[in-house]
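My questions all concern the structure below.
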2 protein chains.
Amino acid sequence: MRTNLKRVAEHLGISVSTVSRVVNGKDRVSPETRAAVLAALESLNYQPNEIARSLKAQTSKAIGIIVPDITNTFFASVIKGVESTTRKNNYSAVICNSDGDAKREEEYLKLLLKKQITALVIATVSEDVSIFKTYKDFGIPVVFIDNLPKMKTKFDFVTIDNVEASYRLTKHIISLGHKSIAAISGPVSESTGSERLQGFKKAMQESGLEIKPEYFRQGSFQLETGYGIAKKMFQQQESPTALFVANNMQAYGALHALRECGLRVPEDVALVCFDAVDKTGLMVPEMTTMVQPAEKIGELAGEIISRKLSKTDLQIYENIILEAELKIGDSCGCKTNQR
Amino acid sequence: MRTNLKRVAEHLGISVSTVSRVVNGKDRVSPETRAAVLAALESLNYQPNEIARSLKAQTSKAIGIIVPDITNTFFASVIKGVESTTRKNNYSAVICNSDGDAKREEEYLKLLLKKQITALVIATVSEDVSIFKTYKDFGIPVVFIDNLPKMKTKFDFVTIDNVEASYRLTKHIISLGHKSIAAISGPVSESTGSERLQGFKKAMQESGLEIKPEYFRQGSFQLETGYGIAKKMFQQQESPTALFVANNMQAYGALHALRECGLRVPEDVALVCFDAVDKTGLMVPEMTTMVQPAEKIGELAGEIISRKLSKTDLQIYENIILEAELKIGDSCGCKTNQR
DNA sequence: TTGAAAGCGCTAACAT
DNA sequence: ATGTTAGCGCTTTCAA
């Protein structure tokens with residue numbers, strides 16, 4: 001049986017309010033009473049009901065986090081970062097897997113709204129931003145990470161400059177002398193997808209390189225998609241000498257496809273992508289990849305939330321754009337052969 | 001501003017209870033009233049306050065999940081499994097990272113208790129089981145996964161037979177002809193640690209093989225630990241020909257150490273471990289590893305919870321022991337050289 | 001210093 | 001079919 005304030009009060013023959021004051025460490029309680037209450041609290045194993053507190057306080061001390069895939073190391077790290085900053089304030093993290101599906105994301109957005117979460121961190125995959133207006137109306141801070149929403153109004157976010165990062169990554173392959181460069185892009189409905197594509201195109205254009213239609217495909221940010229696209233693309237007689245891939249999962253899939261086509265990376269095809277960080281350090285080839293500082297992104301998102309919650313003015317928006325790091329591995333071939 | 005039942009009711013000039021009935025799809029409401037209410041709900045953008053509902057219902061529709069490390073693919077997959085089964089019932093998942101630290105685990109256990117979670121899934125790293133008694137007293141189902149608690153009383157769990165799995169894994173190396181086998185064990189304070197060690201010992205003993213003290217070390221289930229232990233162990237003149245490692249992270253670290261010692265896997269040292277599943281399929285060497293069906297474990301834990309919550313008798317415990325799969329990779333050397 | 005009481009938003013038993 | 005009301009556990013204002 002759960003002990004509540006009333007039971008403790010009855011047990012001691014005093015009022016609930018006095019017990020509440022002790023529980024919350026307020027003054028206006030005599031030392032003797034306090035001692036007695038503290039003892040009773042202990043012996044009855046009292047645990048404050050946070051739900052009741054939340055109802056009273058009109059906030060739940062819970063941070064919602066929605067990501068496309070918790071098993072993707074990038075998102076797992078982001079979550080870890082958010083959690084590590086918010087746990088200090090006794091916030092709990094409610095994690096949701098949207099599976100990259102806008103409909104499921106929306107379901108979760110509604111659910112979290114009802115659950116009265118205090119704030120939200122989200123890597124959105126949806127093109128419909130209407131529900132974020134509701135969050136705003138309800139005074140719930142939302143911090144966007146990774147993917148940004150197609151919103152006209154201002155909003156908080158922590159991300160990288162995807163166009164620049166993608167441009168830099170593409171320039172890197174071009175600098176290695178590649179002329180025939182293929183690309184697997186993410187969904188352009190997602191900002192990371194479209195911006196990375198944009199950066200890629202910009203770099204290609206600037207170098208006077210052509211993007212051949214048969215060497216360009218778009219698809220979901222998943223391993224299977226990367227595999228499928230690469231398989232078709234590289235079964236053709238003539239192959240491009242380099243492949244740009246918009247995220248980690250697609251790249252892993254693409255690599256398998258390349259191998260199945262008898263192509264070596266980087267000897268036959270140079271490969272670069274985003275966020276292919278390998279904690280284990282055992283992946284071969286080590287990927288040349290543009291890296292978002294995942295845990296840092298999570299931590300900063302958590303900090304933004306803390307600040308917003310302590311401020312009265314929710315209308316001040318923080319836009320943090322972190323530097324992405326170009327991690328040179330073996331997949332691009334620049335370590336081995338200088339063309 | 002948030003709309004509540006009262007505001008909707010006032011807006012329509014009817015009572016809260018009628019509005020509540022419509023919201024909950026109950027009968028005893030005339031079609032006309034229902035239609036009017038539905039329209040108002042929509043136009044006022046009403047979202048039921050789940051906190052209030054939870055207080056009333058004395059349960060929060062939230063499942064707590066505590067794991068040592070969310071970025072470990074094994075736990076990430078477990079979480080995914082739990083989430084996928086529980087989301088169907090509109091439960092949300094509150095995720096906590098204990099970081100393998102018993103103190104932090106306990107903090108979270110207390111926090112979740114106060115948050116009135118409906119049920120808990122946990123991979124415990126603590127030796128103190130007293131708080132689980134509180135959960136029991138409060139009628140909150142707890143399903144243990146991976147690591148089991150040192151409890152005298154019955155409890156629900158989904159796991160594998162670690163002794164057997166470890167025995168089988170060890171037998172596999174022995175069958176390859178190795179005589180000098182080293183081991184890196186997890187903390188024996190954790191059941192996975194002690195049971196895997198037990199299985200290892202049993203297999204060694206049965207084959208009349210000696211476990212040399214200098215070839216045996218214990219440590220935390222982390223990459224750095226595996227690295228540190230292996231580094232010392234293999235710097236010695238004479239090296240064992242095989243290494244048994246109790247989990248994935250330790251194994252990744254150990255592999256790096258071996259390489260730094262100029263030892264090749266599997267040629268110089270055969271390596272086997274637990275849960276080194278590589279979604280990307282790019283890890284080299286592909287690990288020979290005993291695999292817990294992570295996502296399945298999560299799903300089953302979710303199902304146990306569903307059953308417990310629909311049953312009146314919480315005292316019926318489900319103990320699910322799944323089959324671990326021996327995944328043969330390259331790290332043990334059996335594919336290449338038959339000794 | 002302590003207590004009584006209102007109220008957070010909701011549901012449900014009971015009354016009409 | 002609809003409304004009134006109590007109460008979930010808590011905090012806090014106000015009164016004593």
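Just so it is clear, the values below take in all heavy atoms, side chains as well, and ignore hydrogens, waters and symmetry mates. Sequence lines set the chain letters: A, B, ... in the order given, protein chains first and strands last, and positions in each chain run from 1.
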Item to check | Separation of C:dG3 C1' from A:Glu10 CD (nearest whole Å) | outcome: 14 Å
Next on the checklist: Can you confirm whether more than 12 heavy atoms, excluding those of A:Lys154, are under 6.0 Å from its NZ atom?
Outcome noted: no
Next on the checklist: Distance check, rounded to the nearest 0.5 Å: B:Ile95 atom CD1 versus A:Glu83 atom CD?
Outcome noted: 8.5 Å
Checklist outcome for this item: Closest non-hydrogen contact found for A:Val19 with A:Leu41 is CG1-CD1, 4.1 Å
Next on the checklist: Using OP1 and OP2 only, check whether a side-chain N or O of A:Thr18 sits under 4.0 Å from C:dG3.
Outcome noted: yes
Checklist entry - Taking five pairs at each end of the helix from C:dT1-D:dA16 to C:dT16-D:dA1, what angle separates the two helix axes (nearest 10°)? => result 50°
Next on the checklist: Could you check whether any side-chain heavy atom of B:Ile122 comes within less than 4.5 Å of a side-chain heavy atom of B:Glu105, counting everything from C-beta outward?
Outcome noted: yes
Extract from the structure each pairing of a protein N or O with an N or O of nucleotides 9-11 of chain C at less than 3.5 Å, listing the distance.
residue : atom : partner : partner atom : Å
C:dG9   : OP1  : A:Gln58 : NE2          : 2.8
C:dG9   : OP2  : B:Asn4  : ND2          : 3.3
C:dG9   : N2   : B:Ala52 : O            : 3.4
C:dC10  : OP1  : B:Tyr46 : OH           : 2.4
C:dC10  : OP1  : B:Asn49 : N            : 3.1
C:dC10  : OP2  : B:Leu5  : N            : 2.6
C:dT11  : OP1  : B:Asn24 : OD1          : 3.2
C:dT11  : OP1  : B:Asn24 : ND2          : 3.2
C:dT11  : OP1  : B:Arg53 : NE           : 2.7
C:dT11  : OP1  : B:Arg53 : NH2          : 3.4
C:dT11  : OP2  : B:Ser20 : OG           : 2.9
C:dT11  : OP2  : B:Asn24 : ND2          : 3.3
C:dT11  : O2   : B:Lys56 : NZ           : 2.9

Checklist entry - Please give, in whole Å, the distance from D:dT13 P to A:Arg28 CZ? => result 10 Å
Checklist entry - Just how far, in rounded Å, is C1' of D:dT2 from CG of B:Asp27? => result 13 Å
Checklist entry - Is a salt bridge present between B:Lys61 and B:Glu50, judged by a nitrogen-to-oxygen distance below 4.0 Å? => result no
Item to check | Any side-chain donor near an acceptor of the partner, B:Asp128 and B:Ser130, under 3.5 Å | outcome: yes
Checklist entry - Rounded to the nearest 0.5 Å, how far does CD1 of B:Ile305 lie from OG1 of B:Thr85? => result 7.5 Å
Checklist entry - Would you say the ring centroid of B:Phe144 lies under 6.0 angstrom from that of B:Phe155? => result yes
Next on the checklist: Using a heavy-atom cut-off of 4.0 Å across all strands, would you classify B:Thr33 as base, sugar-phosphate, or nothing?
Outcome noted: sugar-phosphate
